[in-house]
Amino acid sequence: MSKTIDFDVIVVGAGHAGVEACLSTARRGLKTLMITTNLQRISYMSCNPSIGGLAKGHMVREIDILGGQMGLAADATCIQFKRLNSRKGPAVRGTRVQSDKHRYNAYMTAVLKQQPNLHLLEGEAKALILENHQCHGVRLEDGSEIRSKATIITTGTFMNGVMHVGLEQTPGGRVGDKATQGISDQLAAYGFQVHRLKTGTPARLIKESIDWSKTVPQYGDEKIFPFSLRSGPQLPLPQAACFLSRTTAETHEIIRKNLDKSPMYCGMIEGVGPRYCPSIEDKVVRFSQRDSHQTFLEPEGLDTNLIYLQGISTSLPVDVQDQFLKTIPGLENVKVARYGYAVEYDFIEPTQIWHRLETRPFENLFLAGQINGTSGYEEAAAQGFLAGINAGNKILGQEEFVLGRDQAYMGVLVDDLVTKGTIEPYRMFTSRAEHRLVLREDNTLDRLEHAAQQLGLLSQTEATHLSNLKFRRQQLLEKLQTTKVFPTASTQEKLQKLGTPVLQKSISFEELLRRGELTSLDMIELDFDMDLDPLVHEPVEIEVKYAGYIKKQHEFIQQTKRFEELYLDQNLEYRLIRGLSNEEVEKLSRIRPRTLGQAQRISGVNPSAIQAIMVHLKGRQTLKEYQPHERTIRSTEVPLET
Amino acid sequence: MIQKILKEHDTIFALSTPPGYGGVSVLRVSGSSAAAITRKVARFLPESAESHRLYFGTLRSIDSQAEIDEVLVAYFTHGKSYTGEETCEISCHGSPQIVELISKELVKAGARPAGRGEFSYRAFMNGRLDLVQVESVLTLIESQSQEEAKQSLRQLKGHLSDQLLRIEDTIIWSLAHLEASIDFSTEDIEVVDHVELRHRLSLGLQSVNKMLESYKEGRILRDGFHVVLCGLPNAGKSSLMNLICEEERAIVTEIPGTTRDIVESRVMVDGVRVILMDTAGLRDTEDLVEKIGVQKSRQSIQEADLILYVLAADQAVLGLEKAMEPGDLEKFQSEPRCQFVLNKKDLVSTEIISNQLPTSIKPAAIVSSFDYKSRDLLIQVIRQAMGQKKWADQSVILQARHFESLGLVQQALEKVLQLEQMNMGAEILSLELKHALVAVQEILGKRYDDQIIDRIFKEFCLGK
């Protein structure tokens with residue numbers, strides 16, 4: 001079968017996953033084709049016009065350090081910057097920005113168009129070319145075939161998408177865009193488990209119809225730390241406000257009365273919605289004791305008059321939406337540009353893919369984004385980036401690129417998906433990361449600089465800039481550790497002035513900085529030669545102040561490493577292991593954990609099973625080094641009818 | 001352990017009732033060939049035996065077909081027995097000879113005698129028992145007193161698990177609130193109510209402390225109640241011990257310093273094993289052997305549950321310095337575990353004792369080793385000391401492993417409460433609490449899944 005290969009990589013979809021995927025292959029010189037049904041909607045924000053948030057902001061910074069685009073795009077189009085939890089501990093601070101939705105779309109479109117090796121095609125991939133457990137490209141609507149070495153599917157909510165408004169249903173993945181059909185049915189026919197998920201979006205309102213005096217303005221932060229270390233300290237766009245209002249008892253009354261017209265409540269939607277992002281119907285029903293819920297009115301951009309109504313996602317009929325919206329203070333005379341709706345779509349149960357995001361049954365087929373059951377632009381971008389990198393690595397004959405759970409939120413994301421699967425749209429939370437204290441936004445560079453150098457997506461200048469920054473941090477830390485401060489009369493006086501106890505004996509500046517009431521900048525008062533760049537002294541200060549806890553966390557990581565470094569033979573016959581339940585055998589055989597650590601995280605696999613595996617392996621000495629070069633992937637689940 | 005596991009395809013058997021004569025003895029045969037093997041000696045067991053049914057017939061020798069006993073065979077199919085494996089339980093007449101004959105036949109038929117706890121191990125491996133249960137069973141096997149057996153049974157029924165589950169719930173609740181305050185800080189939810197948090201965690205800590213205290217009682221049930229007899233040489237400690245044990249366990253002479261090593265003896269009091277330790281008399285000595293004995297005595301005194309300080313009545317009435325080592329009065333008077341026993345009452349009249357005994361000594365018993373009623377008095381002293389521990393009513397932790405893990409929970413909870421007082425961030429409190437959660441779940445043989453996140457969604461109304 002020697003057909004000509006048209007492209008190295010085909011990326012189906014142009015959302016947040018697709019964009020990162022095709023950039024991360026084209027930038028490595030791989031000839032890449034992106035296919036989308038609508039070239040006007042590249043990196044379109046289908047839901048809220050914001051990027052980042054807790055744990056999500058972490059991922060944006062991680063993608064950025066590794067050479068992805070999302071951080072730069074968010075910085076370039078930011079109209080409100082916020083560091084969430086700024087009064088809480090450093091590990092749980094997260095950046096969120098409001099973005100100008102249209103500028104974001106325009107920015108990314110321009111980036112793609114300028115990217116060498118990248119070709120854009122408007123059209124619909126109807127089917128995959130699947131032969132001999134391999135994917136060889138896609139088939140378009142007209143039946144023509146485009147062949148590739150790797151194919152990445154990032155179709156978001158579009159696969160068999162159905163939109164619900166009241167009891168009406170329309171096929172589609174987003175208002176104005178039709179659904180795509182074919183690929184998920186084809187995958188289901190090949191034995192993939194395909195399920196339904198649901199998500200929803202609120203109404204978009206017309207700015208001029210809102211009585212803003214009844215809302216409370218919410219401004220962003222003065223102090224700005226752009227996502228990308230490549231963006232420079234300033235943001236290009238003027239900053240805008242969001243506005244707060246609340247639902248009323250009347251709102252809830254209307255919603256309650258009309259629940260019979262909600263597709264969610266009359267069983268028309270089978271897909272599972274996200275618990276962390278319930279519709280207003282859900283909130284009213286599940287938390288009936290509350291008579292008010294907050295909502296933020298967020299501008300979709302600087303030049304648009306559309307307002308996004310955060311917190312009020314709904315799929316109630318249009319007339320009901322009109323009714324209840326008018327009961328929210330400020331919205332008495334509101335005009336709606338687009339009503340809220342729910343979308344149901346297909347996703348592929350993600351335990352069917354490897355950590356490298358390649359499917360188990362079909363080689364060279366990669367899945368990223370909502371198709372894997374996630375929710376959120378950042379989760380999608382992270383997977384898109386990793387799928388692109390791994391597709392590239394495979395073509396270039398390099399080892400797979402897998403980030404550890406102790407290295408990055410991106411690592412946690414992928415490991416959770418392929419290990420546990422998901423039954424609701426998966427969103428990242430800081431609490432999902434067991435090593436949270438070392439996975440901070442401020443130390444993203446320190447965590448991932450080495451990986452970034454390996455990937456080589458950054459330009460020489462960028463890479464040098466980053467390694468300099470990292471070096472300066474190390475230098476500052478060393479200086480704090482080695483420089484002493486002595487209890488001289490003038491020092492004691494200064495310390496008193498700073499409101500901190502005087503010294504009993506000379507100590508290092510590191511010890512001094514550990515005092516809760518002192519900051520890096522206070523050290524200047526004491527004649528310490530402090531690096532004035534907050535990108536340098538902030539993370540160092542955090543490391544110093546939280547040293548005890550960070551050390552504890554590292555010890556914990558070392559403990560878990562024992563299991564994380566016990567690689568399991570991918571052909572291990574779990575059914576032969578004594579003491580495993582049928583359920584455990586089924587799950588372990590299906591998920592095929594890379595390591596004993598991963599096996600431990602599979603739900604339904606009991607500690608006794610881990611002991612049993614350990615005993616089995618120890619007894620038979622089959623623990624062996626994992627071989628990422630092994631390319632033979634045998635599937636027992638998928639029929640061979642290609 | 002590994003050796004045992006490598007042999008796990010064997011069919012094993014063991015006597016599962018107490019050895020000795022009794023009404024009925026039960027031999028349990030477990031493994032994939034349990035029925036086939038049993039059928040070789042009990043031919044009446046049909047090929048299509050039904051699970052949980054009894055079959056009656058004559059058990060015969062494989063070779064000679066000689067009749068051994070009339071038995072009942074209970075058949076349990078794979079997945080429905082205690083071990084989770086196919087199992088036959090042979091009930092025969094309760095005689096060691098019959099049991100031995102049947103055992104020999106079973107070996108001939110291809111079964112192997114089970115190792116200690118092997119049934120439970122298999123049950124654990126087959127998911128029929130959880131970790132707490134399997135360990136409880138192992139303790140049950142080793143239990144040497146009735147009280148201990150009761151405790152193990154109670155634990156097996158889940159009393160311990162219930163208490164731990166409540167503690168686990170408290171920790172998960174706290175974590176859900178702390179985590180929600182981090183991950184959903186921009187949402188319209190109540191911030192952590194620190195008063196409530198403190199309250200719940202303090203209650204949890206109290207419960208952990210109680211369980212840890214009960215460990216000591218668990219130890220008593222498992223290892224016995226340790227009673228140390230001490231006092232000056234020739235106070236008559238060994239004679240008292242022989243009196244309590246009703247045997248000539250210790251060598252008794254009139255020569256002071258006869259007992260040089262610790263002599264142990266056992267007696268059952270109210271179902272609890274009491275371990276009596278007769279020690280070398282406490283005195284300064286130049287004799288090397290006796291010196292070591294005295295050192296050992298002091299150590300056993302440290303570890304004892306009850307110290308009986310024996311004074312010779314004829315000496316005590318002459319002044320305390322005659323009946324005690326200098327300094328002992330101060331030391332033992334304030335020791336709650338110590339009771340004074342006035343021995344050799346037969347040498348002094350009751351009158352003299354009541355008039356001349358120094359008032360600083362209030363003996364718990366005035367006894368003589370020649371007086372059998374004195375035994376009851378001493379037993380009563382021991383009973384009272386044991387009675388202060390009300391282990392009978394609560395779940396006692398028996399395993400050292402539980403004790404260790406619970407200790408970790410205790411430490412973590414104390415730390416959290418302390419950090420909370422210092423206004424430390426939720427992420428730091430959470431870190432400590434997660435250690436507590438892991439430790440509790442370790443005892444429960446559970447694992448951390450997304451319980452915290454699930455709890456957050458149950459407790460809070462979230463959503464953009």
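Note on naming: letters A, B, ... go to the chains in the order of the sequence lines (proteins, then strands), and numbering restarts at 1 for each one. All values below were derived from every heavy atom in this structure, side-chain atoms included, with hydrogens, water molecules and symmetry-related copies excluded.
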Item checked: Chi angles and distances behind the side-chain contact (heavy atoms from CB on, under 4.5 Å) call for Ile182(B), Ser431(A) -> CA-CA 8 Å; Ile182(B) 294 170; Ser431(A) 57; over 6 Å; no
Note to self: Run the side-chain contact (heavy atoms from CB on, under 4.5 Å) test on Ile428(B) and Leu437(A) for me, step by step, so that the C-alpha distance in whole Å, both residues' side-chain angles and the decisive distance to 0.1 Å come before the verdict.
What the structure shows: CA-CA 9 Å; Ile428(B) 303 292; Leu437(A) 292 191; 4.2 Å; yes
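Salt bridge Arg436(A)/Glu179(B): present, at least one basic N to carboxylate O contact under 4.0 Å. One finds no salt bridge joining Arg440(A) and Glu427(B) here, because no Lys/Arg side-chain nitrogen approaches an Asp/Glu carboxylate oxygen to under 4.0 Å.
Note that CE of Met424(B) is 3.5 Å distant from OH of Tyr549(A), once rounded to the nearest 0.5 Å. Atoms OG1 and CZ, from Thr430(A) and Phe184(B) in turn, are 9.0 Å apart once rounded to the nearest 0.5 Å. Put simply, OG on Ser185(B) and CG on Leu54(A) are 5.0 Å apart, with the number rounded to the nearest 0.5 Å.
Proximity to chain B is absent for every atom of Ser279(A), based on heavy atoms less than 4.5 angstrom apart. Neither the backbone nor the side chain of Glu434(A) comes within contact range of chain B; no heavy atoms are under 4.5 Å apart.
Ranked by heavy-atom pairs shorter than 4.5 Å toward chain B, the options Arg87(A), Arg93(A), Lys82(A), Lys88(A) are led by Lys88(A).
Residues passing the ring pair (Phe, Tyr, Trp, His ring centres under 6.0 Å) test with His435(A), sequence neighbours excluded: Phe556(A).
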